[in-house]
Asker: 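My questions will all concern the structure given below.
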Amino acid sequence: MTLAVLFLALGTFLIRFLPWRKPGRLHLGQAGPALVVALFLVSAFGPPPSWA
Amino acid sequence: MEVPMKAGFLAAWPLVLGYFPVAVAFGLLGREADLSPLEIQMVSLLVFAGASQFALVGLVAQGTPPLLAAGLGLLLNLRHAFYGPALRPYLRGGPLEAFLLTDEVFALALKTLPHLPEEERRAHFLGLGLGAYLSWNLGTLLGSLGAEGLKGLSQAFGFALPALFFLLALPHLRNRVALLAGGVALVLHLLGQTALGLVLAGALGLLGRRP
């Protein structure tokens, strides 16, 4: 179990950190507003994504 | 505590209201899965990502090999890959900022950071994240110690996070790309594919032009 927790913790950290750290050529367009609206609709019609 | 960090910490109160009862439920789930309070707390201390924590503990309790359960948890967290780049115009991400970047911290930061002076943004973000992290871990602790009496909190404060997301989404409800992406996420959520829907919403958002 300990190894699994460490694996999940490290993987989650890298998923959050690497795309933020490295400025790429990716243009994000409306990704921010799209995600905020999606989070609202998803949480309004069921458990919030924190525990979905 | 610096003033901007304190302001961020205080601004985290809607997250605290929403996180705490869910974290209690997570602690209780860990007990039902026969994990020790220390093991349960380590998950919240090290991972700090609600959906994948519930997936890990829930799947292990059903007999799934822990590493496979962790892999599935990681798939749930793929949506987080969009959050940092969306915040990059306002804040450069360091290791600590990335560790604290949950769905709710992202949404609140995207709303508040653009209106703050550049030199205050990092401390404000860290204050927000710290408030969320402390409430998540305190709730986990109480749940893992068997605070059954707090179980009702999940229902009592179940409105907190949807209400917060509603306020944050309000300025974007005329944005057609955001509405389309949100609609796709909602349909997939109703089909039981929440994480996939959120990843697709982020991908659809990429196609829209910045106003």
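Heavy-atom basis, side chains included; hydrogens, waters and symmetry copies ignored. Remember, it's a predicted structure, so these values are computed and weren't measured experimentally.
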Asker: At a heavy-atom distance under 4.5 Å, which candidate from B:E97, B:Q53, B:M42 has the highest pair count against chain A?
Answerer: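 Maximum pair count with chain A is reached by B:E97.
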Asker: What is the distance from atom OG1 of A:T12 to atom CZ of B:F99, rounded to the nearest 0.5 Å?
Answerer: 9.5 Å
Asker: Quick one: what part of B:F106 sits under 4.5 Å from any heavy atom of chain A, side chain, backbone, both or neither?
Answerer: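 It is the side chain, since no backbone atom gets that close.
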Asker: Locate the shortest heavy-atom distance separating A:R21 from B:G94; write the atom from each residue and the value.
Answerer: NH1-CA, 4.3 Å
Asker: Does the side chain of B:L198 reach to within under 4.5 Å of the side chain of A:L39, using non-hydrogen atoms?
Answerer: yes
Asker: What heavy-atom pair brings B:L110 and A:P33 nearest, and what distance separates the two atoms?
Answerer: CD2-N, 4.3 Å
Asker: Out of B:L74, B:L179, B:T102, return the one with the most heavy atom pairs under 4.5 angstrom to chain A.
Answerer: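 So the answer, after comparing B:L74, B:L179, B:T102, is B:L74.
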Asker: Quick check on A:L6 against chain B: is it the side chain, the backbone, both or neither that has a heavy atom closer than 4.5 Å?
Answerer: side chain
Asker: Run the ring-centre check on B:Y90 versus A:W20 and record whether the distance is less than 6.0 Å.
Answerer: no
Asker: Any idea which of A:V36, A:I15, A:L3 has the most non-hydrogen atom pairs under 4.5 angstrom with chain B?
Answerer: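 Most heavy-atom pairs under 4.5 Å with chain B: A:I15.
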Asker: Just give me the residue among B:A107, B:G197, B:A203, B:P95 that pairs up with chain A most often, heavy atom to heavy atom, under 4.5 Å.
Answerer: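 If we count pairs closer than 4.5 Å to chain A, B:P95 comes out on top.
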Asker: Please give me the minimum heavy-atom distance between B:A98 and A:R16, naming the atom from each residue.
Answerer: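 Where B:A98 meets A:R16 most closely, the heavy atoms are O-CD, 3.0 Å.
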Asker: I need the B:L180 CG to A:Q30 CD distance, nearest 0.5 Å.
Answerer: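 Taking CG in B:L180 and CD in A:Q30, the distance rounds to 12.0 Å.
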Asker: Say you draw a straight line from CZ of A:F7 to CG of B:L46; how long is it, rounded to the nearest 0.5 Å?
Answerer: 14.5 Å
Asker: For B:L188, which atoms come within 4.5 Å of any heavy atom of chain A: side chain, backbone, both, or neither?
Answerer: neither
Asker: Using non-hydrogen atoms only, which part of B:L91 is less than 4.5 Å away from chain A: side chain, backbone, both, or neither?
Answerer: both
Asker: Looking only at heavy atoms, what is the nearest atom pair of B:V47 and A:V5, with distance?
Answerer: CG2-O, 4.0 Å
Asker: Does any heavy atom of chain A fall under 4.5 Å from the side chain of B:L101, the backbone, both, or neither of them?
Answerer: both
Asker: How many angstroms lie between CG in A:L35 and CZ in B:R79, if you round to the nearest 0.5 Å?
Answerer: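 One finds 10.0 Å between CG of A:L35 and CZ of B:R79.
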Asker: Mind checking whether B:F166 and A:F40 have parallel, tilted or perpendicular rings, split at 30° and 60°?
Answerer: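 Aromatic pair B:F166/A:F40 classed tilted.
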Asker: For residues A:A34 and B:A181, report the shortest heavy-atom separation together with the two atoms involved.
Answerer: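 That would be CB-CB, 3.6 Å.
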Asker: How long is the span from the NE2 atom in B:H189 to the CG atom in A:L41, to the nearest 0.5 Å?
Answerer: 9.5 Å
Asker: Compare every heavy atom of B:P85 with every heavy atom of A:P19, then report the nearest pair and how far apart it is.
Answerer: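 Scanning both residues, the minimum pair turns out to be O-CG, 3.4 Å.
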Asker: From B:D34 CG over to A:M1 CE, what is the distance, rounded to the nearest 0.5 angstrom?
Answerer: 11.5 Å
Asker: Name the region of B:V43, side chain, backbone, both or neither, that has any atom closer than 4.5 Å to a heavy atom of chain A.
Answerer: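 Backbone plus side chain of B:V43, per the 4.5 Å heavy-atom cut-off to chain A.
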Asker: Most heavy-atom pairs under 4.5 angstrom with chain A, which of B:A185, B:A81, B:A201?
Answerer: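 When all of B:A185, B:A81, B:A201 are compared, B:A81 has the most.
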